[in-house]
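Below is one structure, written out as structure tokens, with a few remarks after it.
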There are 2 protein chains.
Amino acid sequence: MAVTIKDIAKLANVSHTTVSRALNNSPLINPQTKKRILEIAKELNYTPNLNAKSLVLHRSYHIGLFFTTLSTGTSPGFFHEAVRGANQHIKDHYDLIVKGIDDYEDLTKITSNMFDGILVMSQSPADDRFIEHLLNINIPTVVLNRLVSLPVEANIVSDDYEGAFQAVRYLIDRGHRRIALISGIEGFQSTEERKKGYIEALKTSQIEPSPDLIKQGHYDMKSGYQAMRSLLAESLLPTAVFCSNDDMAVGAIKAIHESGMRVPDDISVVGFDDNVFAGFITPSLTTVRRPIEKICAEGARCLLENIENSQSFKQPIYLRTTLVKRESVADVRSE
Amino acid sequence: MAVTIKDIAKLANVSHTTVSRALNNSPLINPQTKKRILEIAKELNYTPNLNAKSLVLHRSYHIGLFFTTLSTGTSPGFFHEAVRGANQHIKDHYDLIVKGIDDYEDLTKITSNMFDGILVMSQSPADDRFIEHLLNINIPTVVLNRLVSLPVEANIVSDDYEGAFQAVRYLIDRGHRRIALISGIEGFQSTEERKKGYIEALKTSQIEPSPDLIKQGHYDMKSGYQAMRSLLAESLLPTAVFCSNDDMAVGAIKAIHESGMRVPDDISVVGFDDNVFAGFITPSLTTVRRPIEKICAEGARCLLENIENSQSFKQPIYLRTTLVKRESVADVRSE
DNA sequence: GCATAGAATGCACACGTTAACAATATCGTT
DNA sequence: AACGATATTGTTAACGTGTGCATTCTATGC
């Protein structure tokens, strides 16, 4: 069995209370005995039983990182960046529990003694039910990636509207006028923000958005491929396509190539996310970089701030996107 | 505060012990009272305090999934598949804690009461120290992805040697003779297995492996790119390149394109892993599919089997790779 | 030499749960 | 009616830790 403070107490000829105090830097202890106790603890390789601590202190030392889903709805790059960002600030004093919200069929199974705090990497408005439950049972909650109007401790998002706006402005500046949109999963806030950015950018140049040029995708390669095929079947082809994420951009490029056309010579393509492979496909992809890792790291920082100093952040925190210019966009041919 | 079994006991006019029995399907209880208690529990929205349970049952309800590192050494697709595979069997009764071995500077901070079991997604022989420590403190341990000679509960790997062998045989069958290798991180077992498969396949056709055709990479796109550039600088070019993973293959393709040559017309490329984007880049990548998700799912299954029925699996379990044939390989030109 | 403040330590209980054992209730058998 | 067997429930301690309060020790001042 593992060594406990009582074992140490015996060896040190003190009560277990004294040992507890020594290990927790209590001021009510003689520095001498403290030193002695710490030495014994070290020698016995003592490590506290976190379950017991949890029980009495009402702290679990666990931080939850919840995704809308862990399955195919979440892209690998996104997922990896998120976990890395979150773990970065957390790893020393907390453990990170990764879960999909859809893992639970019954939300009441989650209780406040299981998590000291939760990061919700939210990808859908349907997550609100989950977030409300967390607030109900009083778990400090930080929502990432999606603007939310609930009273969470912090809400950290990338400025997708601005990112999309810039990307489409960039296309317009390079002479494009027939610019298509391959949109994301319906209902996702990111989908709506990017679409709005697209539409507003067009409007600043008096280009009327055409329904024929807007196709719905599902944020995966396959749907990008299919959406592009559907665009290519239209009578009037676009000169550029703005895709709501990189995965769909890759699918779109494949469809364009299959139809015998070339990127960017015939059709320009812009993505969103700057996935790990965006720079390495051919042609390398011009895209909007979202600082996912930073969003998560910042979220974890805010969450710890809340847990340890009960600080909250009322205003949503926006982190800037940046347009990464690569090879998938060409100036439009003057005909 | 949350509701406890004592609250239920009061309402039901029984002792808390009886409540505990009702909730745990004990045979020592009157079905009548059991029913009554369960109803009250439901009404109060009772959820057990897992920390208290943990303390007395010596179970934490946490499974650890450890990677050699969470940072750039681990590819996003690999990471995502692994987490999904592991979570699949675990999510109902356990929580998954994701960590990098390199998060710990002091291994003794890990104790057996923190994890009911641990999956080690091992990418380097250096992980052995960690695994030995887990065995020392008696945590059920399953090692994935790397063959290990320690007495762990189970060891599940893909047959990389066989996969590499098949891939290179395939190239030979299509007429290639000057076949280069872009190798992985030095010292990783996967690197060595794939290299061996490459060399043995060549030998079966009496092709002597040439040091000039073997370049070291680091499993990331950039190193694949650089290794390929270094190959292209040689006097005699290869007709095909076998890359130890897909990321490096993507980098290699980029380097080939930059040099004005085409894939597969001038040089064929084969990868390893079948990353999510392997099918969507241009040309789509011929590669060896490793069943990462299945490895993790199987590992989780074995681990649970061990925790709940204390079963162990002495023999390593090999899961088959498959060669996925796509467009990045051409028959060699008869000159 | 003694009262006293202050420092250091210990005692006993609490956290929420399970489990060995004891106690009681119920029932059938003679 | 009395006994034993069995079914059901309660009592109590335990898991390892932290903490309010009581206790003891030490040094100081008079």
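Residue numbers begin at 1 in each chain, while the letters A, B, ... track the order of the sequences.
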Measuring only between side-chain heavy atoms, which start at C-beta, is [X] closer than 4.5 Å to [Y]?
X        : Y        : result
B:Ile110 : B:Phe130 : yes
B:Arg84  : B:Asn87  : no
B:Leu107 : B:Arg129 : yes

May I have the distance from [X] (atom [atom1]) to [N] (atom [atom2]), rounded to whole angstrom?
X        : N      : atom1 : atom2 : value
B:Leu55  : D:dT17 : CG    : P     : 9 Å
B:Ile8   : D:dG10 : CD1   : P     : 14 Å
A:Lys34  : C:dT9  : NZ    : P     : 12 Å
B:Gln32  : D:dT9  : CD    : C1'   : 15 Å
B:Asn113 : C:dT17 : CG    : P     : 19 Å
B:Leu23  : C:dT17 : CG    : P     : 9 Å
B:Lys6   : C:dC13 : NZ    : P     : 13 Å
A:Ile5   : D:dA14 : CD1   : P     : 16 Å

By the 4.0 Å heavy-atom rule, please label [X] as base, sugar-phosphate, or nothing.
X       : result
B:Leu57 : sugar-phosphate
A:Asn24 : sugar-phosphate
A:Asn13 : sugar-phosphate

Examine the base of [N] for any acceptor or donor lying under 3.5 Å from a partner atom in the side chain of [X], and report the outcome as yes or no.
X       : N      : value
A:His16 : C:dT9  : no
A:Thr17 : D:dT19 : yes
A:His58 : C:dG16 : no
B:Arg21 : D:dG10 : yes

Could you list the protein-to-nucleotides 6-8 of chain D atom pairs, N/O on both sides, closer than 3.5 Å?
none

Worksheet item: Looking at DNA chain C, which of residues 41-50 of chain B put a heavy atom within less than 4.0 Å of it?
Response: B:Tyr46, B:Pro48, B:Asn49
Worksheet item: Residues two or more places apart in sequence or in another chain: which of them pass salt bridge (Lys or Arg N to Asp or Glu O under 4.0 Å) with B:Lys99?
Response: A:Asp95
Worksheet item: For B:Asn25 and B:Lys34, does a side-chain donor sit closer than 3.5 Å to a side-chain acceptor?
Response: yes
Verify the contact: side-chain N or O of [X] to OP1 or OP2 of [N], cut-off strictly under 4.0 Å; return yes or no.
X       : N      : result
A:Thr18 : C:dG10 : yes
B:Thr4  : C:dG16 : no
B:Lys53 : C:dT18 : yes

In terms of ring plane angle, is the pair [X] and [Y] parallel, tilted or perpendicular, where the classes change at 30° and 60°?
X        : Y       : value
A:Phe115 : A:Phe66 : perpendicular
A:His80  : B:Phe79 : tilted
B:Tyr94  : B:Tyr61 : tilted

Discussion item. Taking the basic N atoms (NZ, or NE/NH1/NH2) and the acidic carboxylate oxygens, is any pair closer than 4.0 Å for B:Arg301 and B:Glu298?
Written reply: yes
Worksheet item: Going from NZ on A:Lys35 to CG on A:Asn30, what distance comes out if it is rounded to the nearest 0.5 angstrom?
Response: 11.5 Å
